[in-house]
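First comes the structure, then the notes that go with it.
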Amino acid sequence: MIFQNWGATHDEIHGPVAGDDLVPDARLVATRSISLSSPPDAVFPWLRQMGFKRAGWYSYDWIDNLGRRSAMRIHPEWQDVVTGSPVPGGPTAFTAAVVDPPRAFVLQFGRPGGRLCFTLAYELRPDPVGTRLVTRMRTRIDVPGGVVVERGLLGPGDGIMVRRQLRNLAERVAR
């Protein structure tokens, strides 16, 4: 799969990440990582403000933010997300399943054991250069054709988008 484990080390791919327990029977798991030049407490606010009609997703804005440019700075008015908060994703919303500053931020769509469950986790690990940001996407779609959607669309699409997101976050954090 395209960019399934982009930038991730062997230990990051095979080790636990916050939120893994939210989709324990995932059929698709992808881990992507990047080193950032700032400490976790300076990176976490960029994650906390993500969302449609908020800071955006820092990826390809023409796809996931309807052309609206993702934020170029920290916005205090978007720092109110706590565990359980809705995070707008466009036509639907995620739930902030884990908000543990400055260690972890996990978004969830659907519910464990339901027909559709998707998580995107961001774990911030202190690193000699600043932060090692480890992301993990876990999903299980239990509808006819769900495996095809997971492997053929969601996996590659998410890989392309998250890779761009991580690179853009690295640029923003470095400023």
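Between Ala18 and Ala104, the shortest heavy-atom distance links the atoms CB-CB, 3.6 Å. Residues Val81 and Val99 share a closest heavy-atom pair of O-CG1, 3.5 Å. Closest non-hydrogen pair, Arg132 versus Ala8, comes out as NH2-CA, 4.1 Å. Taking all atoms of both residues into account, the shortest heavy-atom contact from Pro40 to Gly130 is CD-O, 3.7 Å. Heavy atoms only, all atoms of each residue included: Val106 and Ala121 are closest at CG2-CB, 3.8 Å. Leu124 approaches Pro102 most closely through the heavy-atom pair CB-O, 3.3 Å.
In this structure a side-chain-to-backbone donor-acceptor pair under 3.5 Å is present from Thr131 to Ser38. Thr139 places no side-chain N or O within 3.5 Å of a backbone atom of Phe118 that could act as its donor or acceptor partner. Using a distance-only test at 3.5 Å, with no hydrogens or angles considered, no donor-acceptor pair links the side chain of Gln49 to the main chain of Glu77. Side chain of Arg27 to backbone of Ile141: a donor-acceptor contact under 3.5 angstrom is found. Listed for the Arg140 side chain is a donor-acceptor partner under 3.5 Å among the backbone atoms of Asp25. Looking at Arg172, its side chain never comes within 3.5 Å of a backbone N or O of Arg167 through a donor-acceptor pair.
Considering only heavy atoms from C-beta on, Phe105 comes within 4.5 Å of Met50 through its side chain. At least one side-chain heavy atom of Trp6 sits less than 4.5 Å from a side-chain heavy atom of Ile34. At a threshold of 4.5 Å between non-hydrogen side-chain atoms, the residues Leu133 and Leu166 count as touching.
No side-chain donor from either of Arg32 and Thr135 sits under 3.5 Å from a side-chain acceptor of the other. Donor-acceptor pairing under 3.5 Å is recorded for the side chains of Tyr122 and Gln165. Between the side chains of Thr119 and Gln108, not a single donor N or O lies within less than 3.5 Å of an accepting N or O.
Connection of Trp78 to Leu47 is not established within any shared hydrophobic cluster, with ILVMFWY side chains joined at heavy-atom distances below 4.5 Å, either directly or through further cluster members. Side-chain heavy atoms closer than 4.5 Å link hydrophobic residues (I, L, V, M, F, W, Y) into clusters, and following such links, possibly through other members, connects Ile63 to Met137.
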Original post:
Given the rule in the side chain to side chain contact (heavy atoms under 4.5 Å, CB included) test, do Arg125 and Val134 qualify, once you have shown the distances and angles that lead to the verdict?
Top reply: CA-CA 8 Å; Arg125 300 175 181 178; Val134 180; 3.9 Å; yes

Original post:
Should Arg68 and Lys53 be marked as a side chain to side chain contact (heavy atoms under 4.5 Å, CB included) after you check the CA-CA gap, both sets of side-chain angles, and the distance that decides it?
Top reply: CA-CA 8 Å; Arg68 182 177 172 206; Lys53 293 191 176 181; 3.7 Å; yes

**OP:** Evaluate the side chain to side chain donor-acceptor pair (under 3.5 Å) criterion for residues Glu12 and Thr31: first the C-alpha distance (whole Å), next the side-chain angles of each, then the deciding distance (0.1 Å), finally the verdict.
**Re:** CA-CA 7 Å; Glu12 291 166 346; Thr31 306; over 6 Å; no

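Salt bridge status for Asp20 with Arg136: present, with a side-chain N to carboxylate O gap under 4.0 Å.
Residue Arg175 qualifies as enclosed at atom CZ: its count of foreign heavy atoms under 6.0 Å is above 12. The 12-atom threshold is not exceeded at NE2 of His10, counting heavy atoms of other residues, nucleotides or ligands nearer than 6.0 Å.
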